[in-house]
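Contents: one structure, followed by commentary.
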There are 2 protein chains.
Amino acid sequence: MTSSIEFVEKLRKSGLRPTKQRIEICKVLFNSEKTFHFTINDLVKMIEDKNNKKISLATVYNTIHAFEKKGYLKEIAINSSQTYFDTNTSDHHHFFDEKEKELIDLENKDVDPIKIKKNISGKKIRSVEVLVRIDTDNQ
Amino acid sequence: MTSSIEFVEKLRKSGLRPTKQRIEICKVLFNSEKTFHFTINDLVKMIEDKNNKKISLATVYNTIHAFEKKGYLKEIAINSSQTYFDTNTSDHHHFFDEKEKELIDLENKDVDPIKIKKNISGKKIRSVEVLVRIDTDNQ
DNA sequence: CTATAGTTTAGAATGATTATAAGCTATTTT
DNA sequence: AAAATAGCTTATAATCATTCTAAACTATAG
Ligand SMILES: [Mn+2]
Ligand SMILES: [Mn+2]
Ligand SMILES: [Zn+2]
Ligand SMILES: [Zn+2]
């Protein structure tokens, strides 16, 4: 459980003014025991349900992108109509449940190290991500 | 080099009527020596440049999705504003060049087999895809 | 040939995301 | 502490990839 004061400090250190909207977003994102995955719409709903008060969608987008840039969030690559974000910024992979449209962490330890035996000249590897699509086990 | 007649047959066998639009799309997609990656906009441009004639965007979307459903194309998961498709339907992975916004094949043989040591009960693995993001090697 | 189901098409609708620009607020300067 | 400034929030409009619609067209079965 992180206090508001700590979020204020974290924001200031990041060069972001500690507004009440940003502190609210921090509370929702970084106060839970476990990390989680979310879409912008999920997050707006969480914040508005918690505070019984509207927050501008633009503010949420702006803040999430600011946090992503600072490395406090990761964006997950899925071909879905909505972008997913992750409060788990460690190096890890994902299952994507096609039925539930839900991401599940696949820790690095649960996948053998991935050795890429090809390299593209003049290019540097930025990330290596595994996406395992899963679906109901029927038929 | 596949002839139109072969595409007609392939379409008929797939339960798709061999219209001239579909045959044109087949020619552009399945006549080249090498497989390739494309977006819908890329494809529309290729077709219109080749034939000096408009094709309806809706037809291209419909046909690509029909071909995808038949397994003649794969959709590649990238968080980009456009969806990418692949004429290489074999089991393989990708580099994504963040600067050029371009996909490059990473053959299965160029990656050690990926062993997923975690399983989600009641769920079946549909696919395992590796995406390696690359960028210019500067600084 | 005729009927029918399937297809193409232009254009409208959708929906996630981004842009705009006016008012508000945290912080700095005086 | 008040004023000035730069940064932030907001409602709303714009953007743009994709999907929908429904009317006209076409492949094909009978
Ligand atoms: Mn982003
Ligand atoms: Mn698709
Ligand atoms: Zn995760
Ligand atoms: Zn490929």
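Residue numbering restarts at 1 for every chain, and letters A, B, ... go by the order of the sequence lines.
- When the nucleotides C:dT18, D:dC8, C:dT17 are ranked by their closest atom to the side chain of A:Arg22, D:dC8 comes out on top.
- A 6.0 Å sphere centred on NZ of A:Lys117 holds more than 12 heavy atoms belonging to other residues, nucleotides or ligands.
- With rounding to whole Å, A:Lys101 atom NZ is found 13 Å from C:dA16 atom P.
- Shown here is B:Lys45, whose NZ atom has no more than 12 heavy atoms of other residues, nucleotides or ligands within 6.0 Å.
- For the pair B:Lys27 and B:Glu24, the salt-bridge criterion is met [side-chain N within less than 4.0 Å of a carboxylate O].
- Residues A:Thr39 and A:Asp42 bring a donor and an acceptor atom of their side chains to less than 3.5 Å of each other.
- If you find the closest nucleotide of DNA chain D to B:Gln82 and to A:Lys54, the one lying nearer the 5' end belongs to A:Lys54.
- For the pair B:Lys69 NZ and C:dT7 C1', the interatomic distance rounds to 15 Å; values are reported in whole Å.
- Across all strands, A:Leu57 comes closer than 4.0 Å to base atoms (heavy-atom distances).
- Distance from the side chain of B:Ala58 is smallest for C:dG11 among the nucleotides C:dG11, D:dT10, C:dT18.
- Dashed line: the shortest gap from a side-chain N or O of B:Ser56 to OP1 or OP2 of C:dT8 is not under 4.0 Å.
- Comparing A:Thr63 and B:Tyr61 along DNA chain D, the residue whose closest nucleotide (by nearest heavy atom) sits nearer the 5' end is A:Thr63.
- To the nearest angstrom, P of D:dT18 lies 12 Å from CD of B:Glu68.
- Ring geometry, B:His37 versus B:His94: the interplanar angle exceeds 60°, so the pair is classed perpendicular (tilted spans 30 to 60°).
- Counting non-hydrogen atoms under 4.0 angstrom, A:Ser81 reaches the backbone sugars and phosphates but no base.
- Rounded to whole angstrom, the span from the NE2 atom of B:His65 across to the P atom of C:dT7 amounts to 16 Å.
- Taking atom CG of B:Asn62 as the reference point, atom P of D:dT19 lies 9 Å away to the nearest angstrom.
- Cation-pi geometry between A:Lys118 and B:Phe95 is not met at under 6.0 angstrom from the ring centre and within 45 degrees of the axis.
- The salt bridge (charged side-chain N to carboxylate O under 4.0 Å, His left out) test applied to A:Lys101 returns A:Glu98, not counting sequence neighbours.
- Using a 4.0 Å cutoff on non-hydrogen atoms, no part of residues 41-50 of chain B comes near DNA chain C.
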Item to check | B:His93 and A:Val130: CA distance, side-chain angles, deciding distance, side chain to side chain contact (heavy atoms under 4.5 Å, CB included) verdict | outcome: CA-CA 10 Å; B:His93 306 294; A:Val130 179; over 6 Å; no
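- What separates CG of A:Asn79 from P of D:dA17 is a distance of 15 Å, to the nearest Å.
- The distance from atom CD1 of B:Ile40 to atom C1' of D:dC16 is 14 Å, rounded to the nearest whole Å.
- Neither OP1 nor OP2 of C:dT25 sits under 4.0 Å from any side-chain N or O of A:Gln21.
- Closest of all the heavy-atom pairs between B:Leu131 and A:Ala77 is CD2-CB, 4.3 Å.
- In this structure a side-chain-to-backbone donor-acceptor pair under 3.5 Å is present from B:Asn108 to B:Asp91.
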Checklist outcome for this item: Protein heavy-atom contacts under 4.0 Å, written 5' to 3' over nucleotides 25-30 of chain D as B (base), S (sugar-phosphate only) or - (none), form the string -BBS--
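- Summarising the geometry, the separation between CZ on A:Phe85 and C1' on C:dA16 is reported as 11 Å, rounded to the nearest angstrom.
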